[in-house]
Chemist: 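A single structure is presented below for examination.
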Amino acid sequence: MSDEKNYGIETYAPPRPDLGARTASQLEKATITHVEHTGPVDRNDPAALHDDTLMIGERGEKLTSFVIALSFVAAVSGFCFGYDTGVISAALVSIKDDFGHILADQEKEWISTATSCGALIGALMSGSLADKIGRKWVLAIGDVWFTLGAIIICASFSVPQMIVGRAVLGFGVGTAAAIAPLYIAECAPTRFRGALVTIQSLAITGGQFVSYCIGIPLTGHDGWRIQFAIGIVPALIQAAAIHFMPESPRYDLLQGKREAALATIERSYRGMSEDYIAVKFAALEEVVGLSAEFTRQNNLKARLRLLITEGKYRKPAITALGIGIFQQLCGFNSLMYYAATIFSMAGFDNPTAVGLIVSGTNWFFTFVAMFLLDRVGKRRILLSTYPGMIAGLALASVAFWKMTGETGHRLIEGAVYPQQWSNMMLGMMVVFIAFYATGSGNITWTVGEVFPLEMRGIGSSVLAGGVWAANILISATFLTLMNAIGPTPTFGLYAGICFAGLIFIFFCYPEPSGLSLEEIQIIYNYGFGVAKSREIRREHELRRQARQDAPMGITASGSDDQLGKV
C-alpha cells in the first residue's frame, strides 16, 4: 500500500510487544487503553491521545449505505431461520391425514423438535468453521442446508422423512443463529452495533410473520408442501448476494489480509476522518494480532478447556448461556411452534389467523426494540421487560384455569370455552410476547459480543448450542406438559423460569451498550463486569460533558478535523 493509503497507521498504533512473546494475558493489555484511563488527556501521551481519538470519533460515526446493505444481506439468514421455524405452526394443522393418518401429539413434537436438534449440531459446527473459512462463507453453507431441507420436506410422504428434512433445515437455522449476528457485529460501527444486529432479530420475526401469512390460505391438501418450498427463495437470493459482500475485517486480519481488512473498515466508516480510521484500524489490528497468536498456541480442545477454567472466558460464557437459555425456557417458542394447535384446541375458528396476531406482535415490537437498544441500554431493557413477561404468563395461566374449569382444567379439542376467558388468554399472550420481543427476543442474538475476539467464534457456537439445547427441551415437552399437568401449571412454570432469569440478569449481565467490543473484553476482569461497565459508561459521559464545556475548537488532539469532525 502507498503511504497515503496507510493513513499514518504507524504513527497512531500503540507500542507493540514482540509477536513471539505475546500470550493470552497480553490481550487485555493491548486493548483500547481508555478502559483504564481517567482524568484529562495528556497530549504528550501517544496511548492516551490514540484512545481519546477513538472515544470522540465513535460518537460521530455515521451509518453508511454499505453497512446497511451488508447487514440486510446477512440478515436474510435470519429471515430463513424465522420462516422455517414459524412455518411449522400452520403446517402441523394443515397436514391433517396427508401421511395416511392424523398426527399424534408425540409426532408433532418430533417434527418440531427435529429442527432444534439440527440447529444444535449446526450451531456447534459453525463456530469453528467460521474461524477456518470465514463468516460469510459459513452463511452460504447455511443456505445450502435451507434449500436441501426444504426439498426433502416437500418430497416427504411419511413422518420419518419429514423429520429428516426438518433436521436438515435445522443445520441452516443453527448456522444462521450463530454466525449472522457475529458477522454483522464485526462489521458494524460501534455506535450502531446494537441496532444493526437487531436487523437479524427483525428478519427472524419477519420470517415468522410471513410464514403465518402464507399459511392462512394454504390450509388445503398438500398446502404445507408449498409453504416449505417458498422458503427456498430467500436462501437462493442470499447465496447469490453473499459473493458481493466482503469478509469481516477481524477475520481478514486473522488471515493476514491487511489490505482487505482496511478496505472494509474504510467502507464501513466512510465520512470519518483519515486519522480516526487509522486509529480504529490500529486498535483492531493490535488486538487481532494477539488473538491470532493465541489461537495458534491453543487448539480447539485447549480453547474449550480455557472456556471452562479461565475466569475471563468462563464468566462471559456464563452470561451468554444464561441469557440464551432463559430466553428459550420462558416458553415463547412453545407459542411459535404450537400457536395454531393451542388456538385450535381453545375453540378459535381460524387458529392460523389467530396465530398471526401472536407473530405480528412479535414482529412489531422487534421494530420497537431496534430503536431502543442502544438508546436505553440492553441491561436496562431486560430488567424492565422481564417483569412484564412474568405478568403476562401468570395472567394467561389464570385465564386458562378459568376457561377450562368444566373440562378438568385441560384443553380438549372440540370443547366450547367461555369467550371472555379465551380472549383474556389471547390478550395475555400478546402482552407476554410484546415484552419478550422488546427485550429478550432481540438481545439474546447480540450477546455473543461479550466474548473476547480470540474466543468469539467458538463462544458464539457454544452460545447457540446452549440456546438450541434449551429449545429442544421446550419443543419436545410442551404438548406432553399440556396433556399431563394442564395449561395453567405449564404457563405458571414458564412464569417462574422468567423470574429466575430476572435474578440472573440483575447479577450477571453487564451493560454492553456504548462500549466497543474491545472494551467489553476488559470488564470481565472485574467479576461479571456489572459495576465496571457502569463505571466506564459514567466516565464516557463525564468526558463528553467536559468537552462540551471546553472552549470552541479546542479538543484533546487540537483539531476537530483529526477527531472525525465530531
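In this text the structure is predicted, and so the values were computed from the model without any measurement. Positions are given from 1, in the same order as the sequence printed here.
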Chemist: For Glu107 and Ala104, indicate whether the former's side chain and the latter's backbone hold a donor-acceptor pair under 3.5 Å.
Modeler: yes
Chemist: Could you report the tightest heavy-atom contact between Ala320 and Leu463, atom names first, then the distance?
Modeler: O-CD1, 3.1 Å
Chemist: Is it true that the side chains of Glu109 and Thr480 contain a donor and an acceptor less than 3.5 Å apart?
Modeler: yes
Chemist: If I take atom CZ from residue Phe478 and atom OG1 from residue Thr341, how far apart are they, to the nearest 0.5 angstrom?
Modeler: 9.0 Å
Chemist: How long is the straight-line distance from OG of Ser116 back to CG of Leu473, given to the nearest 0.5 Å?
Modeler: 10.5 Å
Chemist: How long is the gap from SG on Cys330 to CD1 on Ile325, to the nearest 0.5 Å?
Modeler: 12.5 Å
Chemist: Looking only at non-hydrogen atoms, find the nearest pair between Leu120 and Ala469 and report the distance.
Modeler: CD1-N, 4.2 Å
Chemist: How long is the straight-line distance from OH of Tyr83 back to CZ of Phe228, given to the nearest 0.5 Å?
Modeler: 8.0 Å
Chemist: Let me confirm one number: the CD1-CD1 distance from Ile204 to Ile199, rounded to the nearest 0.5 Å.
Modeler: 12.5 Å
Chemist: Answer yes or no: are there more than 12 heavy-atom neighbours, outside Met125 itself, under 6.0 Å from its atom CE?
Modeler: no
Chemist: Is there a donor-acceptor contact under 3.5 Å from the side chain of Asn442 to the main chain of Ser201?
Modeler: no
Chemist: Answer yes or no on whether Arg314 is positioned over the face of Phe451, meaning its NZ or CZ is under 6.0 Å from the six-membered ring centre and within 45° of the axis.
Modeler: no
Chemist: Distance check, rounded to the nearest 0.5 Å: Ile497 atom CD1 versus Leu502 atom CG?
Modeler: 14.0 Å
Chemist: If you take the centroid of each ring, where Trp contributes its six-membered ring, are Phe81 and Trp145 closer together than 6.0 Å?
Modeler: no
Chemist: Starting from the C-alpha separation in whole Å, work towards a yes-or-no answer on side chain to side chain contact (heavy atoms under 4.5 Å, CB included) for Leu335 and Ile433.
Modeler: CA-CA 9 Å; Leu335 297 180; Ile433 289 169; 3.9 Å; yes
Chemist: Checking Arg225 side chain against Cys154 main chain: does a donor-acceptor pair fall under 3.5 Å?
Modeler: yes
Chemist: Between Tyr313 and Arg305, does a side chain to side chain contact (heavy atoms under 4.5 Å, CB included) hold up when you go through it step by step?
Modeler: CA-CA 10 Å; Tyr313 303 134; Arg305 185 173 62 252; over 6 Å; no
Chemist: Between Thr319 and Cys508, is there a donor-acceptor pair closer than 3.5 Å when you use the side chain of the first and the backbone of the second?
Modeler: yes
Chemist: Determine whether Ser475 and Thr113 satisfy the following criterion, side chain to side chain donor-acceptor pair (under 3.5 Å), listing intermediate values before the conclusion.
Modeler: CA-CA 5 Å; Ser475 58; Thr113 305; 3.3 Å; yes
Chemist: What are the two closest heavy atoms between Tyr183 and Ser248, and how far apart are they?
Modeler: CE1-N, 3.8 Å
Chemist: Within a reach of under 6.0 Å around CZ of Phe72, are more than 12 heavy atoms found that belong to other residues, nucleotides or ligands?
Modeler: no
Chemist: Check whether any side-chain N or O of Ser126 sits under 3.5 Å from a backbone N or O of Ala123 as a donor-acceptor pair, and report yes or no.
Modeler: yes
Chemist: Taking the side chain from Ser359 and the backbone from Phe209, do they hold a donor-acceptor pair closer than 3.5 Å?
Modeler: yes
Chemist: Quick one: do Gln208 and Thr205 satisfy side chain to side chain donor-acceptor pair (under 3.5 Å)? Show the steps, please.
Modeler: CA-CA 5 Å; Gln208 291 166 344; Thr205 55; 5.6 Å; no
Chemist: Which heavy-atom pair separates Leu307 from Met455 by the least distance, and what is that distance?
Modeler: N-CE, 4.1 Å
Chemist: Assert yes or no for the condition that the ring centre distance of Phe326 to Phe504 is strictly below 6.0 Å.
Modeler: yes
Chemist: Do Thr175 and Ile141 pass the side chain to side chain contact (heavy atoms under 4.5 Å, CB included) test, and can you show the C-alpha distance, the side-chain angles, and the key distance before you say yes or no?
Modeler: CA-CA 8 Å; Thr175 300; Ile141 291 174; 5.7 Å; no
Chemist: Any luck finding a side-chain donor-acceptor pair between Gln327 and Tyr436 under 3.5 Å?
Modeler: yes
Chemist: Test Met345 against Ile412 for side chain to side chain contact (heavy atoms under 4.5 Å, CB included), laying out the working first.
Modeler: CA-CA 6 Å; Met345 296 174 68; Ile412 298 177; over 6 Å; no
Chemist: Check whether any side-chain heavy atom of Phe348 lies under 4.5 Å from a side-chain heavy atom of Ser344, and answer yes or no.
Modeler: no
Chemist: Counting C-beta onward and ignoring hydrogens, is there a side-chain heavy-atom pair between Leu70 and Pro246 closer than 4.5 Å?
Modeler: yes
Chemist: Can you give me the closest heavy-atom contact between Tyr386 and Cys498, atom names plus distance?
Modeler: CD2-O, 3.2 Å
Chemist: For Tyr417 versus Ser422, what's the shortest heavy-atom pair and its separation?
Modeler: CB-OG, 3.8 Å
Chemist: Taking the side chain as every heavy atom from C-beta outward, state whether Met482 and Tyr338 have any pair of such atoms under 4.5 Å apart.
Modeler: no
Chemist: So does Ile357 get a backbone contact from the side chain of Tyr212, meaning a donor-acceptor N/O pair under 3.5 Å?
Modeler: no
Chemist: Please check: side-chain N/O of Thr115 versus main-chain N/O of Arg166, any donor-acceptor pairing under 3.5 Å?
Modeler: yes
Chemist: Does any non-hydrogen side-chain atom of Phe435 lie less than 4.5 Å from one of Ile390?
Modeler: no
Chemist: Give a yes or no on whether the ring-centroid distance for Trp363 and Phe79 is below 6.0 angstrom.
Modeler: no
Chemist: Would you sort out whether Thr264 and Glu247 count as a side chain to side chain donor-acceptor pair (under 3.5 Å), showing the intermediate values?
Modeler: CA-CA 8 Å; Thr264 303; Glu247 193 41 270; over 6 Å; no
Chemist: Any heavy-atom pair between the side chains of Cys80 and Gln238 that's under 4.5 Å?
Modeler: no
Chemist: Going by heavy atoms in the side chains, are Leu304 and Ile308 under 4.5 Å from each other?
Modeler: no
Chemist: Any heavy-atom pair between the side chains of Val67 and Arg267 that's under 4.5 Å?
Modeler: no
Chemist: Please determine whether a side-chain nitrogen of the Lys or Arg among Arg135 and Glu186 lies less than 4.0 Å from a carboxylate oxygen of the Asp or Glu.
Modeler: yes
Chemist: Without swapping roles, check the side chain of Tyr251 against the backbone of Lys132 for a donor-acceptor pair under 3.5 Å.
Modeler: yes
Chemist: If you measure only the distance, is there a donor-acceptor pair under 3.5 Å linking the side chains of Thr488 and Ser397?
Modeler: no
Chemist: Evaluate whether atom CZ of Phe99 has more than 12 neighbouring non-hydrogen atoms of other residues, nucleotides or ligands under 6.0 angstrom away.
Modeler: yes
Chemist: Between the side chain of Asn299 and the main-chain N/O of Ala302, is any donor-acceptor distance below 3.5 Å?
Modeler: yes
Chemist: What I'd like to find out is whether the side chain of Pro510 reaches to under 4.5 Å of the side chain of Arg379, using heavy atoms alone.
Modeler: no
